Amino acid sequence: MTLLDSDSVSGLNPTKFWRAVFSVMHFTSMRRRQIVELKWEHVLLSRSALLMSSEGSKSKREWLVPVPAWISQALRELRSEIELKSGLPVRPDDQVFCLPLLSPGRIKSPRMLDEHISRAFESLSRHLGYTVSAHRVRHTSATVMLERSGNIKAVSDMLGHADIKLTASTYVHPRLGSLRRVQQSLSGYKPVD
């Protein structure tokens, strides 16, 4: 995010747009497909929440995910910018993250595609010097949420998993510090001869 705070980053323009995309992905653990399928009717600004639609979901179900108030504000600003640039009001079934509306002529597709997000992550990876991907963001967010909250059920719900076992076996990657804290819980334990 610090990188995106600069005015212009090659391959990630407009940076304000990409900051919003990456922030939503990080705080909601959304998949790349879910970002592409997110429509304005799914943005519940009054509740600071997003309705994760069945369209972008592997489980083909819907659920609500909270977003911080500052992300709600960023989405309000994005909607205003889209309306200003297009000269038309945003419709409920319009994509939230529609880069072609903000960069007319630069992108041939009339709507945002998975490949646009993949290319943005490739560009971000080049700037950072290490690989970052939508899937890696999802895994990292899930791991950090679990480490900090200890609530695997809530993390599973946030990810949209129908079965908590999937979250535990696939999306949770304890870091060395977490493993060390678990191990230290044994302090004072001495093996019996």
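What you see is a predicted model, and the numbers here were worked out from it, not measured in a lab. One-based numbering along the sequence shown.
- With contacts defined as side-chain heavy-atom distances shorter than 4.5 Å, the pair Val96/His42 does not qualify.
- Every residue was checked against the side-chain contact (heavy atoms from CB on, under 4.5 Å) condition with Ser80, not counting sequence neighbours, and none meets it.
- Connectivity analysis of hydrophobic side chains (ILVMFWY, heavy atoms under 4.5 Å, direct or indirect) links Leu88 to nothing; its cluster partners are none.
- Taking the side chain as every heavy atom from C-beta outward, Met112 and Leu101 never approach each other to under 4.5 Å.
- Taking Arg91 as the reference, Asp93, Asp94 meet the side-chain contact (heavy atoms from CB on, under 4.5 Å) condition, with sequence neighbours excluded.
- The backbone N or O of Arg136 lies less than 3.5 Å from a partner atom in the side chain of Thr140, making a donor-acceptor pair.
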With a cut-off of 3.5 Å and sequence neighbours excluded, list every side-chain donor-acceptor pair involving residues 66-73.
residue : atom : partner : partner atom : Å
Ser72   : OG   : Ser48   : OG           : 3.2
Gln73   : NE2  : Glu77   : OE2          : 3.2

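- Shown here for Val36 and Gln95, the closest heavy-atom pair between the two residues is O-NE2, 2.9 Å.
- Leu113 belongs to no hydrophobic cluster with other residues, because no ILVMFWY side-chain heavy atom falls under 4.5 Å from its own, directly or through intermediates.
- Although no hydrogens or angles enter the test, the distance criterion places no donor-acceptor pair under 3.5 Å between the side chain of Arg138 and the main chain of Ser133.
- Between Met145 and Ser29, some side-chain heavy-atom pair lies under the 4.5 Å cut-off.
- Annotation: side chain of Gln34 is in contact with side chain of Met52 (closest heavy-atom distance under 4.5 Å).
- Cluster membership for Val21 and Leu128, using ILVMFWY side-chain heavy atoms within less than 4.5 angstrom, is shared.
- Closest approach of Glu83 and Pro89 over heavy atoms only: OE2-CA, 3.6 Å.
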Pair Met30-Leu50, side chain to side chain contact (heavy atoms under 4.5 Å, CB included): steps then yes or no: CA-CA 10 Å; Met30 288 176 81; Leu50 301 176; 4.2 Å; yes

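- Residues Tyr130 and Val144 do not share a hydrophobic cluster, defined by chaining ILVMFWY side chains whose heavy atoms lie under 4.5 Å apart.
- Val24 is connected to Trp40 through a chain of hydrophobic side-chain contacts under 4.5 Å among Ile, Leu, Val, Met, Phe, Trp and Tyr, so both are in one cluster.
- The main-chain N or O of Ala154 is found under 3.5 Å from a side-chain atom of Asn151 such that the two form a donor-acceptor pair.
- Smallest separation of non-hydrogen atoms from Leu78 and Phe17: CD1-CD1, 4.0 Å.
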Apply side chain to side chain contact (heavy atoms under 4.5 Å, CB included) to the pair Met25 and Phe97, showing each step before the final yes or no. CA-CA 12 Å; Met25 291 180 86; Phe97 296 110; over 6 Å; no

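- Ser141 places a side-chain N or O within donor-acceptor distance of the main-chain N or O of His26, the cut-off being under 3.5 Å.
- The minimum heavy-atom distance linking Val155 with Leu146 is given by the pair CG2-N, 3.8 Å.
- Scanning for side-chain contact (heavy atoms from CB on, under 4.5 Å) contacts around Ala120 gives Leu12, Trp18, Phe22, with sequence neighbours left out.
- Within the 3.5 Å criterion, the main-chain N or O of Asp114 finds no donor-acceptor partner in the side chain of Arg33.
- Distance CG/Leu124 to CD1/Ile117: 13.0 Å, rounded to 0.5 Å.
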Could you please spell out the steps behind the side chain to side chain contact (heavy atoms under 4.5 Å, CB included) verdict for His116 and Ser109? CA-CA 10 Å; His116 296 129; Ser109 171; 4.2 Å; yes

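- Across every non-hydrogen atom of Val137 and Val132, the tightest pair is CG2-CG1, 4.1 Å.
- Going from atom CD1 of Ile152 over to atom NZ of Lys165 covers 12.0 Å, rounded to the nearest 0.5 Å.
- Criterion: ILVMFWY side-chain heavy atoms under 4.5 Å apart, direct or through other members. Under it, Leu75 and Leu51 are not part of a common hydrophobic cluster.
- At a threshold of 4.5 Å between non-hydrogen side-chain atoms, the residues Leu44 and Leu64 count as touching.
- For Ser118 and Arg32, the side-chain atoms include at least one donor-acceptor pair closer than 3.5 Å.
- Residues Arg61 and His161 approach most closely at NH2-O, 3.3 Å, considering heavy atoms.
- Other residues, nucleotides and ligands place no more than 12 heavy atoms under 6.0 Å from the CZ atom of Arg47.
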